[in-house]
2 protein chains.
Amino acid sequence: MVTLKQLAKELNVSISTVSKALNNSEEIGEETVKRVKELAELYNYKPNKVALSLKQNKTKTIGVIIPDILNHFLAKVLFGVEREATKYGYNIITCISNESLEQEKESLRLLANGSVDGFILCLAEETQVKNEIEHFKKTISQGLPIVMFDRVAHDVLCDKVIVDDFDATYNATKSLLLEKRKNIVFISTLDGISVGKLRERGYRKAILETNTFEPLVLKIKKKDDQQKKIMSFFKKNTTIDGVIAADSSSGIIALNTGVKLGLKVPKNMSVIAYASKSDSFHTIPKLTTIRQHAKEIGANAAQLLINRLQNKSIEIDVKTKIVKTTLIKSKSTL
Amino acid sequence: MVTLKQLAKELNVSISTVSKALNNSEEIGEETVKRVKELAELYNYKPNKVALSLKQNKTKTIGVIIPDILNHFLAKVLFGVEREATKYGYNIITCISNESLEQEKESLRLLANGSVDGFILCLAEETQVKNEIEHFKKTISQGLPIVMFDRVAHDVLCDKVIVDDFDATYNATKSLLLEKRKNIVFISTLDGISVGKLRERGYRKAILETNTFEPLVLKIKKKDDQQKKIMSFFKKNTTIDGVIAADSSSGIIALNTGVKLGLKVPKNMSVIAYASKSDSFHTIPKLTTIRQHAKEIGANAAQLLINRLQNKSIEIDVKTKIVKTTLIKSKSTL
DNA sequence: ATGAAAGCGCTAACAC
DNA sequence: GTGTTAGCGCTTTCAT
């Protein structure tokens with residue numbers, strides 16, 4: 001990489017002259033500016049990012065810590081963050097916590113050495129289960145702002161972007177009740193994390209309000225054979241006529257299992273799941289989904305963080321932004 | 001963040017003494033080392049990453065450019081890269097090209113300013129279609145090594161990690177022929193990219209070798225309604241008894257469409273697709289898949305790059321590593 | 001055993 | 001209009 005020094009030497013001027021010329025300073029003569037710019041162009045000069053970071057004490061880099069990159073929702077949020085960050089000239093360094101508290105701490109520690117200006121993160125499951133938040137507080141007190149999304153720690157004072165999980169599930173359940181469904185099951189693999197709990201509560205509220213039915217919940221562990229679990233559940237509960245799935249794979253499998261058992265979907269059974277467009281397009285009939293607008297969640301998180309970074313002097317109040325889900329009706333509901 | 005300067009001041013010693021003490025230099029007195037380390041611990045001192053990068057002229061950061069983060073395969077490769085890189089103390093900066101040549105160039109340009117020590121990337125579709133490679137060559141000539149994976153540019157001299165697409169598809173097709181399938185269709189949405197072509201060729205070779213059947217290929221464009229295309233294709237070609245899908249969604253939809261049309265899978269029709277474990281677990285019956293071992297691809301790419309970075313003086317020959325796929329037989333084949 | 005000084009690449013306040 | 005200098009945080013060579 002060419003440096004200012006080399007350009008200066010070749011042009012027989014000082015380093016600062018070159019620097020000023022390239023930064024369009026008024027101080028430098030027109031002719032000099034021209035010569036400098038031409039040579040810089042020729043050698044494809046690019047200011048060294050590291051030197052700039054050191055000088056300006058900011059890296060224009062955001063640390064993103066997510067629990068699982070293979071989760072389509074989280075990947076999509078990452079996409080949203082990346083796109084928004086790029087728009088503002090920020091890069092993102094991605095770390096994957098693998099749902100582990102230890103790895104989450106480690107990533108935070110490793111990047112809090114001047115590598116990044118701030119963090120966007122989604123809590124690891126273990127972090128939520130153990131309810132540890134000290135590492136977040138410490139990071140923030142070091143002057144590195146954090147924006148949490150989806151799975152957040154309410155006791156940490158920072159910006160947050162969340163989804164209306166409770167309301168969305170409540171409303172989805174309501175919509176099945178309006179279809180006169182009388183035996184709606186809630187299926188979930190997300191028992192450990194906050195959003196899983198919120199979704200279950202939304203479902204329960206809707207069911208309990210009917211004063212007629214009892215909630216019916218099927219929880220599946222990560223290590224279970226999901227197809228078997230759902231199949232045997234359906235065989236035991238033959239009157240199931242509606243499914244609310246807290247995650248896409250439960251929804252997809254429930255739908256396929258229903259079809260396999262000869263149920264007409266949606267005639268005999270409706271299915272709604274938290275899932276993406278592509279999930280919906282893969283099932284026959286196409287799945288009715290609760291969409292979380294992951295990209296917007298990511299974009300919002302990036303905006304909140306960048307906004308905070310660029311107003312460092314002024315203390316801004318912490319904000320919590322709710323990105324509302326949308327129920328996209330498709331062919332798996334009436 | 002605490003700096004050496006601050007520690008030095010507080011301890012009434014020089015900056016270099018502190019630096020040496022923390023780096024366990026023999027030169028410094030035992031007592032001093034102890035005092036320094038204690039204070040550093042107290043203040044939670046961490047060497048500033050940016051300053052180190054500037055000094056040592058390397059960032060211990062890898063730039064990863066992928067065309068699409070929502071592609072499960074690519075996300076998994078990213079995961080593999082991240083894990084391997086972390087193991088060796090490298091961070092990764094992720095850029096998403098969105099299958100666009102322009103964005104790919106831009107990402108390369110933006111990070112080639114000292115932000116990263118090298119690149120791991122998968123070519124954007126547009127890059128492959130237009131066959132542009134100048135930006136790669138330029139980057140490499142600037143001293144930034146590149147490792148390409150999956151979709152690679154054969155005319156660029158650099159390390160590569162690829163999959164045995166041709167052989168794998170050939171063998172998968174063979175295995176359906178062994179099942180006495182007589183009307184096997186190849187379905188793909190990957191027409192523009194190298195791996196899509198290789199897969200098609202592998203299929204064609206196997207079919208042509210039979211000297212009995214003609215290849216039958218269904219190509220689907222990204223913007224098409226995939227379900228409709230496949231459904232109408234199946235209705236027109238009622239004797240289809242085997243499917244080789246170049247991508248997971250074609251495979252999943254083909255299987256579901258077969259079931260929908262009343263075909264018994266695998267009795268009447270077998271389906272094999274390039275897809276992941278989770279895709280396989282979502283269909284009923286479970287999909288037989290060609291697994292690409294994305295994580296290993298990522299890990300291999302990271303190893304190749306890090307190896308090259310750490311032997312910068314010695315010119316090593318470029319390597320192409322082939323990560324073999326595995327055909328995982330499940331319930332969608334006999 | 002400790003410290004001073006140079007230098008990585010850059011910007012900017014301050015000479016001249 | 002151009003150059004000198006200091007400094008961002010760190011390591012390392014070379015004095016002392």
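Order of the sequence lines sets the chain letters (A, B, ...), proteins ahead of strands, with each chain counted from 1. Remember, predicted model here, so these are calculated numbers, not experimental data. Below, each value reflects all heavy atoms present in this structure, side chains not excepted, and no hydrogens, waters or symmetry copies.
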Length of the CG-P vector between B/N23 and D/dT12, whole Å: 7 Å
Basic-acidic side-chain contact under 4.0 Å: A/R35, A/E38: no
Rounded distance in Å - CD (B/E27) to P (D/dC14): 12 Å
Any donor-acceptor N or O pair under 3.5 Å, side chains B/N300, B/K295: no
Rounded interatomic separation in angstrom, taking NZ from A/K60 and P from D/dC8: 22 Å
Residue pair A/Q128 / A/S194, side-chain donor-acceptor N/O under 3.5 Å: yes
N/O donor-acceptor pair under 3.5 Å between A/K60 side chain and A/Y88 backbone: yes
B/K46, NZ atom: more than 12 neighbouring heavy atoms under 6.0 Å: yes
Short side-chain to backbone donor-acceptor contact, A/T32 and A/I28, under 3.5 Å: no
Side-chain donor or acceptor of B/R308 paired with backbone N/O of B/P145 under 3.5 Å: no
Any donor-acceptor N or O pair under 3.5 Å, side chains A/T94, B/T94: yes
Bending between helix ends of the helix from C/dA1-D/dT16 to C/dC16-D/dG1 [5 pairs per end, 10° resolution]: 60°
d(CD1, A/I28; P, C/dT11) in whole Å: 13 Å
Between C1' of D/dT2 and CD of A/E30, the distance in whole Å: 16 Å
Matching residue for B/R151 among B/E99, B/E126, B/E104 - test: salt bridge (charged side-chain N to carboxylate O under 4.0 Å, His left out): B/E99
Rounded interatomic separation in angstrom, taking CE from A/M1 and C1' from C/dC10: 11 Å
Donor-acceptor contact below 3.5 Å, side chain B/N23 vs main chain B/K20: no
Strand-adjacent residues in residues 4-22 of chain A, judged by heavy atoms under 4.0 Å from DNA chain C: A/L4, A/K5, A/I15, A/S16, A/S19, A/K20
Residues touching DNA chain D, which here means a heavy atom under 4.0 Å, drawn from residues 32-57 of chain A: A/T32, A/L54, A/K55
Polar side chain donor-acceptor pair, A/Q6 to A/Y45, under 3.5 angstrom: no
